[in-house]
Number of protein chains: 2
Amino acid sequence: MAAHDLTDRPADDARNEPQHETRQALLDAAEELFAEHGIDGTSLRAITRHAGANVAAIHYYFGSKEGLVQEVFARRLAPLAAERLARLEACGEAGEESLQPGEKTLECILRAFVEPFVELGWSIDRGTSAPHLSGRLMAQVITDRGDFLRGALAAELRETFDRFGRALTLAVPHLDREELIARFNFAIGTLVHAVGGIRLFDEENRALERSDALVDRLVAFLVAGFRAPAC
Amino acid sequence: MAAHDLTDRPADDARNEPQHETRQALLDAAEELFAEHGIDGTSLRAITRHAGANVAAIHYYFGSKEGLVQEVFARRLAPLAAERLARLEACGEAGEESLQPGEKTLECILRAFVEPFVELGWSIDRGTSAPHLSGRLMAQVITDRGDFLRGALAAELRETFDRFGRALTLAVPHLDREELIARFNFAIGTLVHAVGGIRLFDEENRALERSDALVDRLVAFLVAGFRAPAC
DNA sequence: GTCTATATAGCGATAGAC
DNA sequence: GTCTATCGCTATATAGAC
């Protein structure tokens with residue numbers, strides 16, 4: 001299973017007193033409502049109503065709506081980045097019956113990138129105790145809130161980007177840097193839309209609803225895409 | 001070139017009197033501002049200010065903000081669908097030195113799907129006379145506004161989806177229906193994010209800015225993805 | 001067909017009691 | 001740490017003059 005539990009609140013510095021339970025309730029409510037109605041479409045009043053708290057509490061804990069939004073993402077992106085990097089690290093360990101030197105590696109790299117994100121996106125819909133950051137919310141931010149991600153959360157994303165970029169460079173040596181970056185971007189789009197994009201027609205839901213099959217299909221698709229000859 | 005000109009306003013039923021020029025100005029302004037600040041983030045006041053018109057004009061022509069939003073999309077999606085289908089139709093015509101029966105076909109199908117969308121997404125940034133629906137706006141709607149696309153515009157999308165789905169079924173016979181739908185969805189995500197997604201780091205911009213190279217790279221990536229063995 | 005003026009409602013944010 | 005009350009602002013939408 002996962003090296004980190006993506007479904008739990010962050011470690012919170014050892015002690016875990018329910019001192020800040022209002023704070024947690026606000027984050028949970030915000031996360032759920034943001035995912036459903038979008039960030040702009042969710043008022044502070046709706047959040048506090050849902051959390052059984054008060055408008056002023058948000059400003060007490062987070063200073064502003066913007067501060068709340070940042071916290072909602074920060075508490076998910078940090079474990080996500082850690083989990084991805086941990087799985088990437090674990091890729092080279094087992095000496096298996098690989099066909100070629102880079103062969104097994106590419107699949108493992110992409111799975112390390114894809115699987116934690118799919119698990120994170122799925123967790124909100126699976127009736128677990130607390131609501132979690134859904135894929136929809138991630139997708140919204142990735143498509144709509146560039147400045148936001150570029151700002152506060154860039155460092156964490158940068159590390160993930162760099163480490164996976166380096167691993168991919170070794171795994172797919174026939175691509176130059178520019179082509180590799182383009183394909184990595186394609187992979188991000190594929191992943192984000194698969195987890196958080198809309199399903200226009202019912203058939204799509206059936207084809208994408210099981211998360212284990214989705215991961216396998218994503219990885220197969222992306223491995224082939226990266227292996228494609230350079231343009 | 002294109003069979004339809006995606007950069008022009010729709011044919012407007014032969015006559016082209018500037019009778020509704022305020023209406024067109026409102027649509028242009030809305031499209032530009034929606035793409036830049038999001039739909040929720042764009043007020044009617046901002047639109048009318050930008051169009052040199054008045055708040056009441058929007059309600060006169062479109063009834064509500066929602067009506068305006070629908071019109072903004074409808075006037076782009078119809079030519080987009082027509083262009084895609086026209087290019088798909090043109091695929092089987094030239095009897096070339098194909099390696100295998102489905103070989104050339106798959107690339108042509110995917111190019112017919114990808115290229116008109118890239119051209120549409122790019123047109124807004126190229127200083128043409130009128131502002132156009134950018135890829136960012138399409139991406140926003142595809143990720144955030146499922147109900148909206150499922151409703152008013154579903155018919156047009158349904159036809160595109162069906163026709164390309166049938167063509168792909170023939171071109172990639174090793175995939176069953178569910179797997180094909182999943183991969184088609186992957187392709188949509190790749191395309192949408194490549195055209196409308198954010199670029200976290202400068203390097204990505206360099207790798208994705210030239211639209212002709214982008215189309216080639218997208219098609220190469222997607223062809224390989226569809227050719228990947230079934231899971 | 002386009003305008004000004006305004007109605008009504010909701011927003012984020014803050015002050016201050018407890 | 002949590003509450004009520006409210007400020008100041010902007011939103012969508014509409015009525016009615018021209």
Side-chain angles (χ1 to χ4, degrees), chain A residues 9 12-13 15-73 140-141 144-145 147-148 151-152, chain B residues 9 12-13 15-73 140-141 144-145 147-148 151-152:
Chain A
R9 63 183 61 165
D12 208 17
D13 289 311
R15 67 217 149 71
N16 221 0
E17 336 114 56
Q19 182 185 16
H20 298 316
E21 68 182 19
T22 299
R23 184 190 148 95
Q24 294 298 329
L26 288 170
L27 286 171
D28 291 342
E31 188 172 63
E32 189 178 332
L33 294 173
F34 286 164
E36 195 171 356
H37 305 109
I39 295 173
D40 289 336
T42 303
S43 70
L44 298 187
R45 286 171 165 77
I47 294 167
T48 51
R49 206 181 307 128
H50 198 268
N54 185 276
V55 232
I58 287 180
H59 291 93
Y60 176 76
Y61 283 112
F62 307 103
S64 67
K65 184 178 184 179
E66 185 63 24
L68 169 63
V69 172
Q70 299 232 156
E71 266 301 297
V72 166
F73 280 90
Q140 280 179 40
V141 166
D144 302 349
R145 296 268 178 142
D147 304 338
F148 174 58
Chain B
R9 62 185 60 165
D12 209 16
D13 289 312
R15 67 219 148 70
N16 220 0
E17 335 115 57
Q19 184 184 15
H20 298 315
E21 68 181 21
T22 298
R23 184 188 148 96
Q24 295 298 329
L26 288 170
L27 286 171
D28 290 342
E31 188 172 64
E32 189 179 333
L33 294 172
F34 285 165
E36 196 171 356
H37 306 109
I39 295 174
D40 289 335
T42 303
S43 70
L44 297 186
R45 284 171 163 78
I47 295 167
T48 51
R49 205 181 309 129
H50 198 268
N54 186 276
V55 231
I58 287 180
H59 291 92
Y60 175 78
Y61 283 111
F62 308 104
S64 67
K65 184 180 185 178
E66 184 64 24
L68 170 63
V69 173
Q70 300 232 156
E71 267 300 298
V72 166
F73 281 89
Q140 279 179 39
V141 166
D144 302 350
R145 295 268 178 142
D147 304 339
F148 175 57

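Computed from a predicted structure; not experimentally measured. Lettering follows sequence order; numbering is per chain, from 1.
A straight line from CG of Leu26(A) to C1' of dC3(D) spans 14 Å, rounded to a whole angstrom. What separates CD1 of Ile47(A) from P of dC11(C) is a distance of 10 Å, to the nearest Å. Per the geometry, CZ belonging to Phe62(A) stands 13 Å off C1' belonging to dG1(D), to the nearest Å. Atom C1' of nucleotide dC11(C) and atom CD of Glu66(A) are separated by 16 Å, given to the nearest angstrom. Atom C1' of nucleotide dG1(C) and atom CD1 of Ile58(B) are separated by 15 Å, given to the nearest angstrom. Per the geometry, CD1 belonging to Ile39(A) stands 16 Å off P belonging to dC11(C), to the nearest Å. When the C1' atom of dG16(C) is taken as reference, atom OH of Tyr60(A) falls 15 Å away, rounded to whole Å. The separation between His59(A) atom NE2 and dG16(C) atom P is 17 Å, rounded to whole Å.
Heavy atoms of Thr42(B) sit under 4.0 angstrom from primed sugar atoms or phosphate atoms, though from no base atom. Within 4.0 Å of Ala56(B), counting heavy atoms only, lies at least one base atom of the nucleic acid.
Between the side chain of Arg45(A) and the base of dG12(C), at least one donor-acceptor pair of N or O atoms lies under 3.5 Å.
Taking every heavy atom of both residues into account, Leu33(A) and Thr42(A) meet most closely at O-OG1, 3.2 Å. When all heavy atoms are compared, the tightest approach of Ala51(A) to Leu26(A) is CB-CD2, 3.9 Å.
In terms of phosphate contacts, Ser43(A) brings a side-chain nitrogen or oxygen within less than 4.0 Å of OP1 or OP2 of dC11(C). Under 4.0 angstrom from either OP1 or OP2 of dT2(C) there lies at least one side-chain N or O belonging to Tyr61(B). Checking the phosphate oxygens (OP1, OP2) of dG1(C), no side-chain nitrogen or oxygen of Thr22(B) falls inside 4.0 Å.
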Evaluate Gln140(B) against Phe34(B) for side chain to side chain contact (heavy atoms under 4.5 Å, CB included), listing each step before the verdict. CA-CA 9 Å; Gln140(B) 279 179 39; Phe34(B) 285 165; 5.9 Å; no
Test side chain to side chain contact (heavy atoms under 4.5 Å, CB included) on Phe62(A) and Val69(A); report intermediate values, then the result. CA-CA 9 Å; Phe62(A) 307 103; Val69(A) 172; over 6 Å; no
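Two residues are said to be in side-chain contact when any heavy atoms from C-beta on lie closer than 4.5 Å; Ile39(A) and Arg145(A) meet this criterion.
Heavy-atom distances to DNA chain C give each of Leu44(A) and Ala53(B) a nearest nucleotide, and the one nearer the 5′ end belongs to Ala53(B).
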